[in-house]
Peer 1: 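Attaching a single structure in structure tokens format; questions to follow.
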Amino acid sequence: MQNYVITIARGFGSGGKDIATRLGKELGIPCYERQILTMASDQSGIDESVFVETDEKLRGTYLANVLRRMPISETVEPMEKDFISDVNVFNIQADIIRTLAKTQSCIIIGKCADDILRSYDNVISVYIEAPRAACVKSIMEKMHVSQKRANYLIQTTDRYRAKYYRYYTSGKDWTNPINYDMVLNSDRVGREKCVQIIKEYIKIKFGEIPDEKV
């Protein structure tokens, strides 16, 4: 196997991005989140703000458009009228995620990457979650907001991530452990130990960490 990919889905405030970043540094591989939006913009010519607006969210008109949307697996060309539709924006990102999975070892945060790459043998999918109290504490410290504001941000962010995931995976539940190789409670395990557990699982699944420098 030439390369491998770790996908990280995460509850807001669980430390999933922090864990992914630490893991990437230890493995010496890139970690993609916002960068995928920039890459999608560069590839398509669509302004990056469009990708930011739809990043793991559904714009308000999605229900009105659901009956006339194109098949999820197809990306339309620039001259077609649906080129900047939410679904096409998703498909452009999905194409980039598939290309990354075929060409390099990396970590991909969010963006339904676990489902997009579900048929790839070189992928490990991880879901990171933590109890609400731990997530609230983390958000309050990181964003310098009140407890009330932290609760609101967690509720709204997790809600739109769940809707986004359900929409683009044909109704799957974002938090269902069956979707993933591994589910970790970052509060109980600890973020650094989560990194070590994922590294050990890479060795278990692939026999070793591919291209690991001894």
Side-chain angles (χ1 to χ4, degrees), residues 1-37 39-40 55-56 72-73 90-91 93-131 134-135 138 158 161-162 164-166 168-214:
M1 185 177 65
Q2 297 295 316
N3 67 294
Y4 64 100
V5 177
I6 312 297
T7 69
I8 304 285
R10 72 286 182 227
F12 191 60
S14 68
K17 183 176 180 178
D18 179 39
I19 291 166
T21 301
R22 295 188 196 196
L23 180 64
K25 288 180 179 178
E26 289 210 15
L27 296 173
I29 61 176
C31 187
Y32 294 105
E33 186 189 31
R34 174 63 183 262
Q35 298 92 328
I36 290 176
L37 308 183
M39 295 162 69
D55 184 28
E56 295 191 82
I72 294 295
S73 60
F90 173 84
N91 286 335
Q93 293 178 81
D95 286 345
I96 289 172
I97 289 169
R98 294 186 190 98
T99 298
L100 289 172
K102 293 174 183 176
T103 58
Q104 63 175 264
S105 294
C106 62
I107 298 167
I108 301 175
I109 303 172
K111 298 172 178 52
C112 299
D114 63 284
D115 193 72
I116 292 167
L117 302 177
R118 63 189 179 279
S119 64
Y120 287 59
D121 294 332
N122 65 330
V123 174
I124 290 173
S125 57
V126 181
Y127 178 66
I128 307 291
E129 191 53 280
C135 292
S138 176
D158 283 352
R161 283 179 180 172
Y164 180 92
Y165 190 92
R166 187 179 305 117
Y168 287 113
T169 62
S170 301
K172 293 181 182 178
D173 181 358
W174 166 54
T175 62
N176 189 338
I178 293 175
N179 299 337
Y180 307 97
D181 290 89
M182 180 183 300
V183 177
L184 294 171
N185 181 332
S186 60
D187 182 58
R188 180 172 294 183
V189 177
R191 295 185 184 185
E192 186 53 41
K193 288 184 179 179
C194 284
V195 171
Q196 301 310 315
I197 290 170
I198 296 169
K199 286 181 66 178
E200 286 302 312
Y201 186 70
I202 294 171
K203 295 177 183 178
I204 292 170
K205 183 163 184 174
F206 300 134
E208 60 180 353
I209 296 180
D211 300 325
E212 184 178 35
K213 301 295 187 296
V214 179

Peer 1: I'd like to know if the side chain of Glu192 pairs up with that of Gln196 as donor and acceptor (distance under 3.5 Å, no hydrogens or angles considered).
Peer 2: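 Yes.
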Peer 1: Using modelled atom types and a 3.5 Å cut-off, is there a donor and acceptor pairing between side-chain atoms of Asp158 and backbone atoms of Gly11?
Peer 2: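 Not a single qualifying donor-acceptor pair exists.
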Peer 1: So which atom in Ala130 and which in Cys135 form the shortest heavy-atom distance, rounded to 0.1 Å?
Peer 2: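 The pair with the smallest heavy-atom distance is O-SG, 3.5 Å.
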Peer 1: For the CZ atom of Arg34 and the NZ atom of Lys111, what is their distance to the nearest 0.5 Å?
Peer 2: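 With rounding to 0.5 Å, CZ (Arg34) is 9.0 Å from NZ (Lys111).
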Peer 1: Could you tell me the separation between the CD1 atom of Ile108 and the CD1 atom of Ile36, rounded to the nearest 0.5 Å?
Peer 2: 5.0 Å
Peer 1: Could you grab the distance from atom CD1 of Ile128 to atom CG of Asp187, nearest 0.5 Å is fine?
Peer 2: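 The CD1 atom of Ile128 sits 12.5 Å away from the CG atom of Asp187.
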Peer 1: State, to 0.1 Å, how close Ala113 and Thr7 come at their nearest heavy-atom pair, and which atoms those are.
Peer 2: CB-CG2, 3.8 Å
Peer 1: Do Tyr165 and Asp114 have side-chain N/O donor and acceptor atoms under 3.5 Å apart?
Peer 2: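 Short answer, yes.
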Peer 1: Does the plane of the ring in Tyr180 sit parallel, tilted or perpendicular to the ring in Tyr127? Use 30° and 60° as the thresholds.
Peer 2: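 Rings of Tyr180 and Tyr127: parallel, under 30°.
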Peer 1: According to side chain to side chain contact (heavy atoms under 4.5 Å, CB included), who are the partners of Gln104, at least two apart in sequence or on a separate chain?
Peer 2: Pro30, Tyr32, Leu100, Cys106
Peer 1: Please give me the minimum heavy-atom distance between Ser186 and Ser14, naming the atom from each residue.
Peer 2: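 Residues Ser186 and Ser14, closest heavy atoms: OG-O, 2.5 Å.
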Peer 1: Where the side chain of Asp181 meets the backbone of Val126, is there a donor-acceptor pair that is under 3.5 Å apart?
Peer 2: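 No; judged by distance alone, with no hydrogens or angles, the pair does not exist.
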Peer 1: When you compare the side chain of Met182 with that of Ile124, does any pair of heavy atoms fall below 4.5 Å?
Peer 2: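 A side-chain contact is absent here, since even the closest heavy-atom pair is not under 4.5 Å.
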Peer 1: What's the separation between atom NZ in Lys102 and atom CG in Leu117, rounded to the nearest 0.5 Å?
Peer 2: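 The NZ atom of Lys102 sits 9.5 Å away from the CG atom of Leu117.
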Peer 1: So, the side chain of Glu26 versus the backbone of Gly24: is there a donor-acceptor pair under 3.5 Å, distance only?
Peer 2: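 Between the backbone of Gly24 and the side chain of Glu26 there is no qualifying donor-acceptor contact (under 3.5 Å).
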Peer 1: Say you draw a straight line from CZ of Arg98 to CD of Gln93; how long is it, rounded to the nearest 0.5 Å?
Peer 2: 11.5 Å
Peer 1: Donor-acceptor pair, Lys205 side chain versus Val123 backbone, under 3.5 Å?
Peer 2: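 Present.
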Peer 1: May I ask you to test the Ile6-Cys31 pair for a side-chain heavy-atom distance under 4.5 Å?
Peer 2: no
Peer 1: Report yes or no: does Asn185 contribute a side-chain atom to a donor-acceptor pair with the main-chain N or O of Pro131 at less than 3.5 Å?
Peer 2: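 Pair absent, no side-chain N/O of Asn185 close to backbone of Pro131.
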Peer 1: Check step by step if side chain to side chain contact (heavy atoms under 4.5 Å, CB included) holds for Leu27 and Ile202.
Peer 2: CA-CA 11 Å; Leu27 296 173; Ile202 294 171; 3.9 Å; yes
Peer 1: May I have the step-by-step check of side chain to side chain contact (heavy atoms under 4.5 Å, CB included) for Ile29 and Asn3, ending in yes or no?
Peer 2: CA-CA 10 Å; Ile29 61 176; Asn3 67 294; over 6 Å; no
Peer 1: Decide yes or no on side chain to side chain contact (heavy atoms under 4.5 Å, CB included) for Arg191 and Val195, but give the supporting numbers first.
Peer 2: CA-CA 7 Å; Arg191 295 185 184 185; Val195 171; over 6 Å; no
Peer 1: Donor-acceptor pair, Ser138 side chain versus Ala134 backbone, under 3.5 Å?
Peer 2: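 Absent.
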Peer 1: Count the heavy atoms belonging to other residues, nucleotides or ligands that lie under 6.0 Å from NZ of Lys172, then report whether that count exceeds 12.
Peer 2: yes
Peer 1: Any side-chain heavy atom of Leu184 sitting closer than 4.5 Å to one from Ile198?
Peer 2: yes
Peer 1: Indicate yes or no: at least one non-hydrogen side-chain atom of Asp115 is less than 4.5 angstrom from one of Arg118.
Peer 2: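 When only atoms from C-beta onward are counted, Arg118 and Asp115 do touch, with a gap below 4.5 Å.
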Peer 1: Working to the nearest 0.5 Å, report the span between CG of Asp18 and CD1 of Ile8.
Peer 2: 11.0 Å
Peer 1: List the steps, then state whether side chain to side chain contact (heavy atoms under 4.5 Å, CB included) holds for Thr169 with Trp174.
Peer 2: CA-CA 9 Å; Thr169 62; Trp174 166 54; over 6 Å; no
